[in-house]
Protein chains: 2
Amino acid sequence: MIEYSGQPHYLVAVDCIVFGFDGERLKLLLVKRGLEPEINKWSLIGGFVGANESPDDAANRVLKKNTGLEGIYLEQLQIYGEPHRDPIERTLSVGYFALIDIHKYEAQLSDEYHAEWFLVNESPKLIFDHAQMVADARKKLRYKAALHPILFEMLPKKFTIPQLQMLFEEVNDTKIDTRNFSRKISSTGLLIKLEEKDKSGSKKGAFYFKLDKKKYKANFQAFLNLIPNLKL
Amino acid sequence: MIEYSGQPHYLVAVDCIVFGFDGERLKLLLVKRGLEPEINKWSLIGGFVGANESPDDAANRVLKKNTGLEGIYLEQLQIYGEPHRDPIERTLSVGYFALIDIHKYEAQLSDEYHAEWFLVNESPKLIFDHAQMVADARKKLRYKAALHPILFEMLPKKFTIPQLQMLFEEVNDTKIDTRNFSRKISSTGLLIKLEEKDKSGSKKGAFYFKLDKKKYKANFQAFLNLIPNLKL
DNA sequence: ATTATTATTTGTCAAAATGACATTTAATAA
DNA sequence: TTATTAAATGTCATTTTGACAAATAATAAT
């Protein structure tokens, strides 16, 4: 087989910044690293890109292995390729951010996988440049969520408007006016009101809504300015 | 030296999608590939990531080598990593899109570098997955340019409003109303009007403007909706 | 000198979107 | 029956938007 002569070869990994929402707070899924160096330290979910898979494939595989979940929302963040970011040997890592409905994950046997959820603001120290990856991913999540309805990926099938608003407030670290928010949300036409109410949060109860998936897919590109005074 | 045992290693390259604007049309900078396979075919400007450089470093080095220019606006696009995208051996490529003031480049000795400008819509067939990279880069350029003032990176120090508008129209492949466009542009406060006029395009002449670089840097994040009926 | 030409520049107005603000409502608990 | 609590909804002034055409400045032609 011909090769490009004399060029160095590197390991290529993927690392996933996995966000979830428990109904109140934004969370981050971490695992204890299973190999040296830094074994047993907290780390993003990651792994090496195999010979017959693309980085996207690798990210999906690694996510399934660590959570049992398939079909997770995944988006390429960027590549991390500083020469010495991994002390053992040169490894470039493709960062992905993933959005999970946390309840789907909790439905899995949590012993089978040793990933753990942390509040994003109370995460432990992470290995290598993983803290930078998380910071970049939070920024990108804010950016995208301001323009596209990706946050629904973190909600269960049925959710309430107050829940949705809390999620937006968490992601953007801001308070949003209830009246303006619900006006904006309903103007998108993406939500379908259900009969049922969620009585857990109040005496009155909040109506459940579900996503209009047809419109969601059709309108994924146009969902501007859900955050007041948006400054990207 | 310790290594991660048994993991495959790959070549890692960078490829730059270089956009320029000649005052009327959007252009793409290509080179004839200098090595087998596909030698002498048209290709994006690219190269392998060296042992002591990051992909960002490599992109800057490769751009300087092929154009003589430094300090070019560069942004990571995404990674291209399908297992067989390069027929010789597995190579992952980090795509970058670059924005150049085409006049700076023309000031260089054009014989010294054999890169050539093509109209983006009349580019030759490209090697490997480079056509896909160009398509992705155009999409991302539209996206970013709708929200951030990056298109100024393609203009000379002095430029006119009609030129600026033509650039926006080229990038977005649309027509924009002159009155609304100049209202929007001036509301950003990013432009400083000069005394001088550009007489080349008309009898009346169009006033030159320059970028207020302080405001440009300060407001890089907030420059929304320059394209009417924006649908991202 | 006057007029014609041509791209540049600027103005209006109605409609829609935005942001700030407080009250009503529904269900349960007291 | 009343108190409590979160959910749901309405108003209004301001700003932004999009659609539309007339005026201007310089040169070329007569």
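Just so it is clear: chains get the letters A, B, ... in the order the sequence lines come, proteins before strands, and each one is counted from 1. The structure presented is a predicted model; accordingly, all values stated were derived computationally and were not measured.
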Would you say C:dA27 has OP1 or OP2 under 4.0 Å from some side-chain N or O of A:Lys197?
yes

Taking the six-membered ring of B:Phe209, is NZ or CZ of B:Lys193 closer than 6.0 Å to its centre and within 45° of its axis?
no

Nearest whole angstrom, please: distance from the P of D:dA26 to the CD of B:Glu195.
12 Å

Taking atom NZ as the centre, does A:Lys144 end up with more than 12 heavy-atom neighbours from other residues, nucleotides or ligands that are less than 6.0 angstrom away?
yes

Short side-chain donor-acceptor distance under 3.5 Å, A:Thr174 and A:Asn172:
no

Heavy-atom nearest nucleotide on DNA chain C taken for A:Lys203 and for B:Gly205; more 5' hit belongs to B:Gly205

Out of D:dA8, D:dC20, C:dT9, whichever nucleotide has its closest atom nearest the side chain of B:Asp177
D:dC20

Which of the following nucleotides, C:dC21, D:dA8, D:dT17, is nearest to the side chain of B:Lys184?
D:dT17

Flag, side chain of B:Gln165 to backbone of B:Ile176, donor-acceptor distance under 3.5 Å:
yes

Polar side-chain contact A:Arg183-D:dG10 base: donor and acceptor under 3.5 Å
no

Would you mind classifying the nucleic acid contact of A:Ser187 as base, sugar-phosphate or nothing, using non-hydrogen atoms under 4.0 angstrom?
nothing

Which is true for B:Thr178 with a 4.0 Å heavy-atom rule: it touches a base, it touches only sugar-phosphate, or it touches nothing?
base

Any side-chain N or O of B:Lys199 below 4.0 angstrom from OP1/OP2 of D:dA26?
no

Does any donor-acceptor pair link the side chain of A:Lys204 with the base of C:dT25 at a separation under 3.5 Å?
yes

Classify the side chain of A:Arg179 versus the base of C:dA20 as yes if they form a donor-acceptor pair under 3.5 Å and no if they do not.
no

